[in-house]
Enquirer: 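Sharing a structure, written as structure tokens. Questions coming.
Convention: sequence-line order gives letters A, B, ...; per-chain numbering from 1.
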Number of protein chains: 2
Amino acid sequence: MSPSQPRDRGIPEATVARLPLYLRALHGMAERGIATVSSEDLAAAAGVNSAKLRKDLSHLGSYGTRGVGYDVEYLVYQISRELGLTQDWAVAIVGVGNLGRALANYGGFVSRGFRVAALVDADPEVVGDTIAGLNVEHIDELEAVIKRRGVSIVVLATPAAAAQEVCDRVVAVGVTSILNFAPVVLSVPDTVDVRKVDLSIELQILAFHEQRKAGGPLMAVDSQ
Amino acid sequence: MSPSQPRDRGIPEATVARLPLYLRALHGMAERGIATVSSEDLAAAAGVNSAKLRKDLSHLGSYGTRGVGYDVEYLVYQISRELGLTQDWAVAIVGVGNLGRALANYGGFVSRGFRVAALVDADPEVVGDTIAGLNVEHIDELEAVIKRRGVSIVVLATPAAAAQEVCDRVVAVGVTSILNFAPVVLSVPDTVDVRKVDLSIELQILAFHEQRKAGGPLMAVDSQ
DNA sequence: CCGACTTTGTGCATCGGTTCACAAAGGGCT
DNA sequence: AGCCCTTTGTGAACCGATGCACAAAGTCGG
């Protein structure tokens with residue numbers, strides 16, 4: 001067996017979720033001209049514990065040097081490759097309301113190998129507008145646009161009521177990765193990956209903890 | 001001890017994160033006039049497995065009726081109370097770029113007991129504008145605004161470079177809950193809760209899985 | 001009033017993830 | 001060349017979360 005292929009199939013989900021974090025920290029370091037970094041320092045920059053970082057990285061292979069640390073440049077490349085960011089991903093954003101607009105202009109996408117390739121909306125008022133340098137196309141064109149532009153990831157920023165229908169349509173033309181901002185649970189075949197972001201959920205979790213702090217150890221909540 | 005107080009201190013974090021999900025599903029049902037729901041149905045609507053749902057709810061107390069299910073109205077109230085949504089939370093949004101604007105207009109906040117009480121920005125171009133019915137105030141006023149409006153949760157939607165400084169300032173005036181959209185790891189005293197949302201992380205996770213699918217079982221990646 | 005049926009609440013086994021702690025590995029100084 | 005120092009990579013214990021499967025509890029029809 002080849003000596004430099006310990007790279008396992010099957011990276012733990014929790015690890016995958018943290019790789020982008022490391023990547024961000026590493027990009028920052030590369031910009032500041034740092035050539036080499038220890039697990040301790042990188043972990044601090046990413047906000048995790050160093051043992052966890054080392055175990056995470058060990059799932060990709062043995063890319064560190066004992067006594068020295070990790071080569072920043074090289075590690076950026078390895079993580080990028082593992083995440084699939086070395087290729088170019090065409091993303092379509094469906095629903096160009098406030099959120100869709102914000103996403104279209106969001107710098108974080110472009111800088112990570114994602115290319116917003118299409119904006120689609122149902123409202124005749126916005127169809128034809130130019131946003132972030134892109135022409136907004138009509139929802140009737142959805143399937144055609146996805147095929148024509150080679151879109152492989154769709155971002156749903158529609159109202160809740162429209163999300164499932166749009167979802168069904170993009171799945172029907174072969175999209176298998178969806179990022180859903182609409183506050184509904186989408187039903188999809190299990191060959192399709194859906195990740196959801198609900199902005200209000202995070203606030204609710206904060207409220208829960210804030211309440212606990214405020215009530216402190218007393219918390220005299222006589223039920224109503 | 002009172003018989004109907006099995007409500008434990010210490011609800012698992014994983015459970016807290018799902019309560020908003022259940023709440024959303026329940027609200028939908030209440031609107032459709034459904035009075036009672038089984039764990040099976042509610043779980044389906046929330047996209048989780050029914051055993052998990054029952055265990056989650058059991059942490060709040062014994063609010064179901066065997067052979068029948070849960071009273072929708074009552075469960076909404078119990079979960080809301082547990083999450084602290086029965087009180088009114090004043091939220092300030094700092095950074096009124098595309099994202100801040102989208103958040104200010106986002107309906108999901110208001111409908112959950114959150115009230116956007118202030119918008120703050122550093123750019124003199126936008127200070128003084130009215131967005132979502134609110135006057136945008138200058139960052140110099142940050143501390144004053146937070147105190148005057150009783151803000152207890154701050155949403156950071158600033159550029160990455162400004163986030164830590166704003167964070168320090170709001171923490172200094174006593175804010176202990178922060179929702180951070182800026183792509184940086186904030187350092188705060190551990191009395192302060194920070195939750196972060198990085199829109200590009202979700203996309204990167206999707207890209208990872210999409211790449212795996214594309215490569216399929218072959219995945220002939222001879223390292224460069 | 002009783003018995004059959006439904007659905008909750010939970011004990012228990014299992015699993016994935018985290019953390020500790022240390023042996024192995026490499027670099028650099030003398 | 002050899003020794004010491006730093007830092008990685010990982011075995012193993014631990015911890016929390018998940019899911020199964022069932023007894024307890026309650027409803028409803030007869």
Enquirer: Find the distance A/Asn49:CG to C/dC20:P and express it as a whole number of Å.
Expert: 6 Å
Enquirer: Please tell me if the side chains of A/Val110 and A/Val116 come closer than 4.5 Å, counting only heavy atoms from C-beta onward.
Expert: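 Not touching, per the 4.5 Å side-chain cut-off.
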Enquirer: Can you list the residues that meet the side chain to side chain contact (heavy atoms under 4.5 Å, CB included) rule with B/Ser50, with sequence neighbours excluded?
Expert: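 With neighbours one apart ignored, the set is B/Ser39, B/Glu40, B/Ala43, B/Arg54.
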Enquirer: Would you give me the side-chain donor-acceptor pairs under 3.5 Å for residues 149-159 of chain A, sequence neighbours excluded?
Expert:
{"residue": "A/Arg149", "atom": "NH1", "partner": "A/Ala117", "partner atom": "O", "Å": "3.0"}
{"residue": "A/Arg149", "atom": "NH1", "partner": "A/Glu137", "partner atom": "OE2", "Å": "2.9"}
{"residue": "A/Arg149", "atom": "NH2", "partner": "A/Glu137", "partner atom": "OE2", "Å": "2.8"}

Enquirer: Who passes side chain to side chain contact (heavy atoms under 4.5 Å, CB included) against B/Ala17, sequence neighbours left out?
Expert: A/Ile205
Enquirer: Kindly write out the residues that satisfy side chain to side chain contact (heavy atoms under 4.5 Å, CB included) with B/Ala160, not counting sequence neighbours, or none if the list is empty.
Expert: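 B/Ala160: side chain to side chain contact (heavy atoms under 4.5 Å, CB included) contacts with B/Pro183, B/Val184.
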Enquirer: Within residues 19-33 of chain A, which residues have any heavy atom lying less than 4.0 Å from an atom of DNA chain D?
Expert: none
Enquirer: Check whether any side-chain heavy atom of A/Phe181 sits under 4.5 Å from a side-chain heavy atom of B/Leu199, and report yes or no.
Expert: yes
Enquirer: So B/Met29 and B/Val76, do their side chains get closer than 4.5 Å, heavy atoms only?
Expert: no
Enquirer: Using a cut-off of under 3.5 Å, enumerate the N/O to N/O pairs linking the protein to nucleotides 9-11 of chain C.
Expert:
{"residue": "C/dG9", "atom": "OP1", "partner": "B/Ser62", "partner atom": "OG", "Å": "3.4"}
{"residue": "C/dG9", "atom": "OP1", "partner": "B/Gly64", "partner atom": "N", "Å": "3.1"}
{"residue": "C/dG9", "atom": "OP2", "partner": "B/Tyr70", "partner atom": "OH", "Å": "2.6"}
{"residue": "C/dG9", "atom": "O4'", "partner": "B/Arg66", "partner atom": "NH2", "Å": "3.0"}
{"residue": "C/dG9", "atom": "N7", "partner": "B/Arg54", "partner atom": "NE", "Å": "2.8"}
{"residue": "C/dG9", "atom": "O6", "partner": "B/Arg54", "partner atom": "NH2", "Å": "3.1"}
{"residue": "C/dG11", "atom": "O6", "partner": "B/Lys55", "partner atom": "NZ", "Å": "3.1"}

Enquirer: Taking distance alone, no hydrogens or angles, what donor-acceptor pairs closer than 3.5 Å link side-chain atoms of residues 98-106 of chain A to residues at least two apart or in another chain?
Expert:
{"residue": "A/Arg101", "atom": "NH2", "partner": "A/Val96", "partner atom": "O", "Å": "3.1"}
{"residue": "A/Asn105", "atom": "ND2", "partner": "A/Arg101", "partner atom": "O", "Å": "3.0"}

Enquirer: Enter the inter-axis angle for the ends of the helix from C/dC1-D/dG30 to C/dT30-D/dA1 (five pairs per end, rounded to 10°).
Expert: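 Computed from the C1' atoms at both ends, the axes differ by 10°.
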Enquirer: Mapping B/Gly69 and A/Lys52 to their closest nucleotides on DNA chain C, which lands nearer the 5' end?
Expert: B/Gly69
Enquirer: Scan for salt bridge (Lys or Arg N to Asp or Glu O under 4.0 Å) pairs involving residues 14-31 of chain A, sequence neighbours excluded, and state none if there are none.
Expert: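 Listed by first then second residue: A/Arg18-A/Asp56, A/Arg24-B/Asp198.
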Enquirer: Under 3.5 Å, side-chain donor or acceptor atoms of residues 167-176 of chain B against the rest of the protein: list the pairs with distances, not counting sequence neighbours.
Expert:
{"residue": "B/Asp168", "atom": "OD1", "partner": "B/Gln164", "partner atom": "NE2", "Å": "2.8"}
{"residue": "B/Arg169", "atom": "NE", "partner": "B/Glu143", "partner atom": "OE2", "Å": "2.8"}
{"residue": "B/Arg169", "atom": "NH2", "partner": "B/Ile139", "partner atom": "O", "Å": "2.9"}
{"residue": "B/Arg169", "atom": "NH2", "partner": "B/Glu143", "partner atom": "OE1", "Å": "3.0"}
{"residue": "B/Thr176", "atom": "OG1", "partner": "A/Glu210", "partner atom": "OE1", "Å": "2.9"}
{"residue": "B/Thr176", "atom": "OG1", "partner": "A/Glu210", "partner atom": "OE2", "Å": "3.2"}
{"residue": "B/Thr176", "atom": "OG1", "partner": "A/Lys213", "partner atom": "NZ", "Å": "3.1"}

Enquirer: Pick out which of B/Tyr22, B/Tyr74, B/Tyr77 makes a ring-ring contact (aromatic ring centres under 6.0 Å, His included) with B/Tyr63.
Expert: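 Testing B/Tyr63 for a ring-ring contact (aromatic ring centres under 6.0 Å, His included) against B/Tyr22, B/Tyr74, B/Tyr77 leaves exactly one candidate, B/Tyr74.
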Enquirer: Under 4.0 Å from any heavy atom of chain B: name the first and the last nucleotide of DNA chain D that qualifies, 5' to 3'.
Expert: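 Range of nucleotides within reach of chain B: D/dA17 to D/dT27.
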Enquirer: May I have the distance from A/Glu13 (atom CD) to C/dC15 (atom P), rounded to whole angstrom?
Expert: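 Atom-to-atom, A/Glu13 to C/dC15, this comes out as 18 Å.
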Enquirer: Is the shortest heavy-atom distance from the side chain of B/Val166 to the side chain of B/Val120 under 4.5 Å?
Expert: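 Answer no - side chains too far apart.
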Enquirer: Specify the separation, in whole Å, of atom CG of A/Leu53 and atom P of C/dT19.
Expert: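 The answer, rounded to whole Å, is 12 Å.
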Enquirer: Quick one: salt bridge (Lys or Arg N to Asp or Glu O under 4.0 Å) pairs with a partner in residues 66-77 of chain A, sequence neighbours left out?
Expert: none
